[in-house]
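This report refers to the structure that appears directly beneath it.
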Amino acid sequence: MTETNFIPENLSNIQEKGACTWKSPSNIALVKYWGKSDPQLPKNPSISFTLDACHTITTLKFQEKKVQDQQFSFDVFFEGKKKEAFKPKIVSFFERIEVYMPFLKEYHFEIHSENSFPHSSGIASSASGLSAIALCLMSMEKLMNPSMEQAYFNQKASFLARLGSGSAARSIEGELVVWGVHPEVVGSSDLYGVTLEQDVHPVFKKYQDTILLVDKGEKVVSSTVGHQLMHQHPFAKQRFEQARQNLAVMLTVLKNGDLDRFVEIVESEALTLHAMMMTSMPYFILMKPNTLEIIQKIGAFRARTQLHVCFTLDAGANVHVLYPANEKKEVLEFIENELVVFCQKNHYICDSAGNGAKLLNEDALNATKLEKQ
Ligand code: DP6
């Protein structure tokens with residue numbers, strides 16, 4: 001597949017108006033994406049668990065314009081309120097995807113979104129938010145081209161989501177998604193995420209992710225700026241190579257269920273991501289004192305109990321605590337007893353690996369169907 005495969009040819013079943021609603025999840029990377037080139041192509045492959053509870057629900061309403069004006073026209077609502085501040089990001093997303101969605105300027109859109117997680121939780125909503133919009137647009141394209149196949153639908157949804165936010169490419173399907181070319185993952189691509197097709201050991205089914213909300217504030221540095229810092233980074237080359245190797249080992253671990261090795265790689269990936277930011281020029285320290293307290297407590301608990309709990313981090317201070325479903329009781333007790341004190345207002349979110357995005361509603365309000373000439 002190349003980019004040109006995503007330029008539609010067969011949009012004959014033109015829709016006058018309609019609406020659709022998608023629920024699209026967030027994801028947590030085990031091997032991290034950090035560093036990209038234009039247009040949003042990753043410098044190394046990454047793999048993530050698709051999450052289940054943390055998601056965005058987006059409704060896209062579309063109405064053909066009466067007068068064609070060659071402008072993008074849309075209103076955005078977040079949790080019921082009109083959000084002018086979200087518009088520039090969506091305009092640049094539309095500009096990037098227009099060649100693959102050539103009908104965008106022919107419609108007026110209303111985009112209504114809400115997140116399952118609190119807005120000020122420090123949890124990035126770009127993966128779930130942009131994948132949800134991408135999926136809505138794909139539903140619209142599918143109405144215009146009803147013979148579209150599901151595999152193409154998912155691939156193009158991931159491709160479009162990626163152009164909005166890199167990690168969003170991994171939020172379409174589940175439970176494990178690889179984004180970025182890797183020689184050992186058949187069909188892997190820098191253009192879109194692919195579901196991991198190999199055998200996955202049952203211990204990874206419904207893998208648990210308890211997200212400890214250490215800092216609910218605004219991000220210290222946007223991921224766009226963070227990725228840019230990798231351009232001049234003295235360790236960039238080694239880092240990209242290390243990620244490729246870690247992914248190769250991770251593929252074996254996911255097959256054989258070697259949880260000790262899983263823990264080693266996941267924690268090392270998280271710390272390497274932060275190490276990249278700490279050794280950038282300028283540098284950013286995104287962990288907080290409580291992040292380190294939690295990391296140390298997890299290490300001590302693991303040594304004491306021989307359970308397989310580990311941590312990972314995004315580009316922020318919150319901690320994702322990962323563990324197999326059969327250790328849930330003991331780990332939740334540990335979180336309650338020892339970790340919750342380090343969370344803002346004792347807040348945390350219980351999540352687990354999930355199966356990907358879901359169409360909630362599709363309404364082809366075809367008042368008139370026109371054949372495109
Ligand atoms: C640290 O996907 O948010 O979460 O492509 O600029 O939108 P953009 O970046 P984004 O990068 C986040 C990367 C990460 C690690 C990961 O999810 O792999």
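Note that the structure is predicted; figures quoted are calculated from it, not measured. Sequential numbering from 1 along the given sequence is applied to the chain's residues. In listed order, ligands and their atoms are each counted from 1.
- Ring pair His201/Phe204 is perpendicular by interplanar angle, where above 60° counts as perpendicular and below 30° as parallel.
- When the shell of 6.0 Å around CG of Asp199 is examined, it contains 12 or fewer heavy atoms from other residues, nucleotides or ligands.
- Among pairs with a residue in residues 314-354, those fulfilling ring pair (Phe, Tyr, Trp, His ring centres under 6.0 Å) read Phe301-Phe334, at least two apart in sequence or across chains.
- Among residues two or more places apart in sequence or in another chain, the side-chain contact (heavy atoms from CB on, under 4.5 Å) test is passed with Lys87 by Phe74, Asp75, Val76, Glu84.
- Identified under the side-chain hydrogen bond (donor to acceptor under 3.5 Å, both in side chains) test for residues 252-262, with sequence neighbours left out: Arg261-Glu264.
- Relative to the six-membered ring of Phe62, Lys17 misses at least one condition, a distance below 6.0 Å or an angle of at most 45° to the axis.
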Short N or O separations between ligand 1 and the protein, below 3.5 Å:
unit_1, atom_1, unit_2, atom_2, d
ligand 1, 2 (O), Ser165, OG, 3.2
ligand 1, 2 (O), Ser167, N, 2.8
ligand 1, 2 (O), Ser167, OG, 2.6
ligand 1, 3 (O), Ser223, OG, 2.9
ligand 1, 4 (O), Asp314, OD1, 3.4
ligand 1, 5 (O), Tyr33, OH, 2.6
ligand 1, 5 (O), Lys36, NZ, 3.4
ligand 1, 5 (O), Gly166, N, 2.7
ligand 1, 6 (O), Lys36, NZ, 2.7
ligand 1, 7 (O), Ser165, OG, 2.7
ligand 1, 9 (O), Ser223, OG, 3.4
ligand 1, 9 (O), His227, NE2, 3.0
ligand 1, 11 (O), His227, NE2, 3.0
ligand 1, 17 (O), Arg170, NH2, 2.7
ligand 1, 18 (O), Tyr33, N, 2.9
ligand 1, 18 (O), Arg170, NH1, 3.0
ligand 1, 18 (O), Arg170, NH2, 3.2

